[in-house]
Number of protein chains: 2
Amino acid sequence: MRDIANALFEPIPSAVTEAFGRPVTPERVALGHKLFFEPRLSSSHIITCHTCHSVATGGADNVSVAIGHGWQKGPRNSPTVLNAVFNTAQFWDGRASDLAEQAKGPVQASVEMNNTPARVEETLRSIPQYVAEFGAAFPDDAQPVTFDNMARAIEAFETTLVTPDARFDRFLAGKDSLDERERRGLSLFIDKGCTACHSGVNLGGQAYYPFGVVARPGAEILPPGDKGRFAVTNTASDEYVFRAAPLRNVALTAPYFHSGEVWDLSEAVAIMGSSQLGHTLDADEVQAIVAFLHTLTGRQPQVEVPVLPPGTAGTPRPE
Amino acid sequence: MRDIANALFEPIPSAVTEAFGRPVTPERVALGHKLFFEPRLSSSHIITCHTCHSVATGGADNVSVAIGHGWQKGPRNSPTVLNAVFNTAQFWDGRASDLAEQAKGPVQASVEMNNTPARVEETLRSIPQYVAEFGAAFPDDAQPVTFDNMARAIEAFETTLVTPDARFDRFLAGKDSLDERERRGLSLFIDKGCTACHSGVNLGGQAYYPFGVVARPGAEILPPGDKGRFAVTNTASDEYVFRAAPLRNVALTAPYFHSGEVWDLSEAVAIMGSSQLGHTLDADEVQAIVAFLHTLTGRQPQVEVPVLPPGTAGTPRPE
């Protein structure tokens with residue numbers, strides 16, 4: 001069982017030194033740490049990256065869909081930031097190829113942080129401590145304080161938000177065992193075909209698949225207006241196609257699916273069985289798979305709240 | 001100068017072992033730490049104590065007035081949680097006599113967290129880890145998981161949010177000196193009469209005074225509809241009376257006054273001179289006082305984001 005598992009899955013690496021071809025330096029991580037918690041990246045000055053991607057709650061917000069600027073509801077459930085560096089692409093539809101590109105989205109989205117690159121740059125350039133820290137993080141740039149470098153620094157910080165040492169990783173490494181029910185769950189997870197979409201480091205996050213391969217779930221779970229990756233590729237075969245959800249720490253990230261309408265992990269597993277695999281899993285099978293999924297909860301990152309530099313007379317005020 | 005200052009002010013104590021007659025135990029602090037960051041204390045599951053009282057930004061939110069449930073604006077600027085344990089009473093109008101009483105207000109306010117005590121208790125009782133931690137924090141209680149104990153645990157955590165070792169404190173202790181402009185600012189602060197309201201540990205927060213003793217500032221700064229402590233005491237002499245703002249870390253907590261309409265500390269100092277003291281401070285005097293006020297920035301607390309326990313099937317969902 002361990003050999004089969006090691007062929008299908010990979011443990012979480014304990015440190016990441018490069019992300020998408022860009023170096024992860026201590027200066028970029030330190031700056032990105034501040035920016036991840038920086039409310040002045042939003043036009044209201046009250047929304048941060050951490051608002052929806054909280055390390056207190058599995059790297060997500062634990063509500064159905066994100067609530068952003070003006071209390072507007074976003075279209076989809078916030079994906080976890082934890083281990084996101086190991087996903088092949090970001091967002092439910094994979095429209096950002098890396099974390100830096102991802103980070104630029106919510107800052108500008110009118111239903112999220114509702115800001116503009118020009119205003120972000122004006123804000124950061126008005127604060128001497130940020131000017132110094134961008135200079136240290138991007139020493140080769142003539143103008144280090146840019147929207148793109150903001151995103152690169154956030155990306156560098158996010159590479160530290162990984163959760164190694166899950167019981168499953170210790171099992172893969174031969175350092176720990178799974179109990180009988182967890183082993184049965186792993187076995188079912190492999191034999192029933194869950195691994196067709198959920199494999200690799202993140203048990204998901206590595207490719208795109210249609211939601212409802214065998215049977216389309218109800219409209220509350222798969223809203224007909226959200227055609228997933230079709231919006232990115234404009235290709236008919238991508239209708240209702242989504243990036244397979246990464247399952248690391250899934251026990252911490254309810255509610256589930258892109259619509260965030262399923263709160264119970266057992267229900268989510270049962271829906272996957274019927275809609276994706278055409279199997280009606282019985283209650284024992286579901287509970288065994290859920291027990292296995294709980295072994296994917298890793299050591300959560302210890303993150304301090306950064307102390308942010310105060311603004312100056314030139315800092316734009318909240319709108 | 002140091003002797004006079006020591007007669008008027010007190011340094012921040014480096015640790016607090018009791019708050020308002022209640023013990024500050026490690027178990028209460030650990031529980032309160034989680035609760036301070038707990039979004040499920042709000043009906044939406046997205047607002048926490050830390051949303052408006054962020055240790056990233058001087059213990060406040062750095063916006064004019066708090067934005068809460070449904071993006072509603074609150075009536076007043078969020079006061080800092082830092083060193084709040086040293087205030088004689090809480091809120092701008094002192095309507096809560098201690099931090100535990102204070103903590104119960106925003107959780108229930110419809111424009112803030114919009115929750116009810118019954119729903120908070122149902123939520124916390126549905127999460128086994130909280131049940132265990134309340135039991136450890138309140139071992140003498142038959143039913144430890146109560147709304148009141150939630151507030152007491154938050155109070156215990158908040159007693160750790162103090163900022164010792166400001167340059168001013170080191171000056172008081174004879175361990176550091178102030179430069180010439182800072183000394184002039186301190187001298188003016190005393191001689192012009194600022195200390196009539198701003199003295200003690202927090203240079204404020206210890207008593208109530210009318211805003212506009214000599215000349216009432218404009219309606220944007222002192223909105224006529226907010227009569228301050230009058231709403232608490234229903235006494236005519238308390239119209240437009242507010243708790244003197246504590247000035248610790250004031251350089252980090254713009255914007256200023258209960259209306260939060262003044263963004264520049266120099267402008268705030270000038271307004272205080274004219275409205276409270278009847279002095280038109282010249283630009284040099286204002287800058288000297290501002291330089292002195294910057295020496296009140298203490299060592300900011302290092303606070304980790306707690307990892308919160310996941311909910312169960314019995315946990316109420318966000319509304």
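Sequence lines set the chain letters: A, B, ... in the order given, protein chains first and strands last, and positions in each chain run from 1. Below, each value reflects all heavy atoms present in this structure, side chains not excepted, and no hydrogens, waters or symmetry copies. Since we're looking at a predicted model, the values are computed, not measured.
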Measure [X] against the heavy atoms of chain A and call it side chain, backbone, both or neither at under 4.5 Å.
| X | value |
| --- | --- |
| His69(B) | both |
| Ala251(B) | backbone |
| Ser44(B) | both |

Inset, instruction - Determine the minimum heavy-atom distance between Val63(B) and His45(A), stating which atoms define it. - result: CG1-CB, 3.8 Å
Legend entry - Closest heavy-atom pair and its distance - Val55(A), Val307(B): O-CG2, 4.3 Å
Inset, instruction - Not counting sequence neighbours, which residues clear ring-ring contact (aromatic ring centres under 6.0 Å, His included) with Phe134(A)? List them please. - result: none
Legend entry - Residues from residues 309-319 of chain B approaching chain A under 4.5 Å (heavy atoms): Pro310(B), Arg317(B), Pro318(B)
Legend entry - Whether over 12 other heavy atoms sit under 6.0 Å from Gln302(B) CD: no
Inset, instruction - Against chain A, work out which of Ser266(B), Pro306(B), Ala254(B) has the most heavy-atom pairs shorter than 4.5 Å and name it. - result: Pro306(B)
Legend entry - Top contributor to chain B contacts, counting heavy-atom pairs under 4.5 Å, from Asp61(A), Ile46(A), Val305(A): Val305(A)
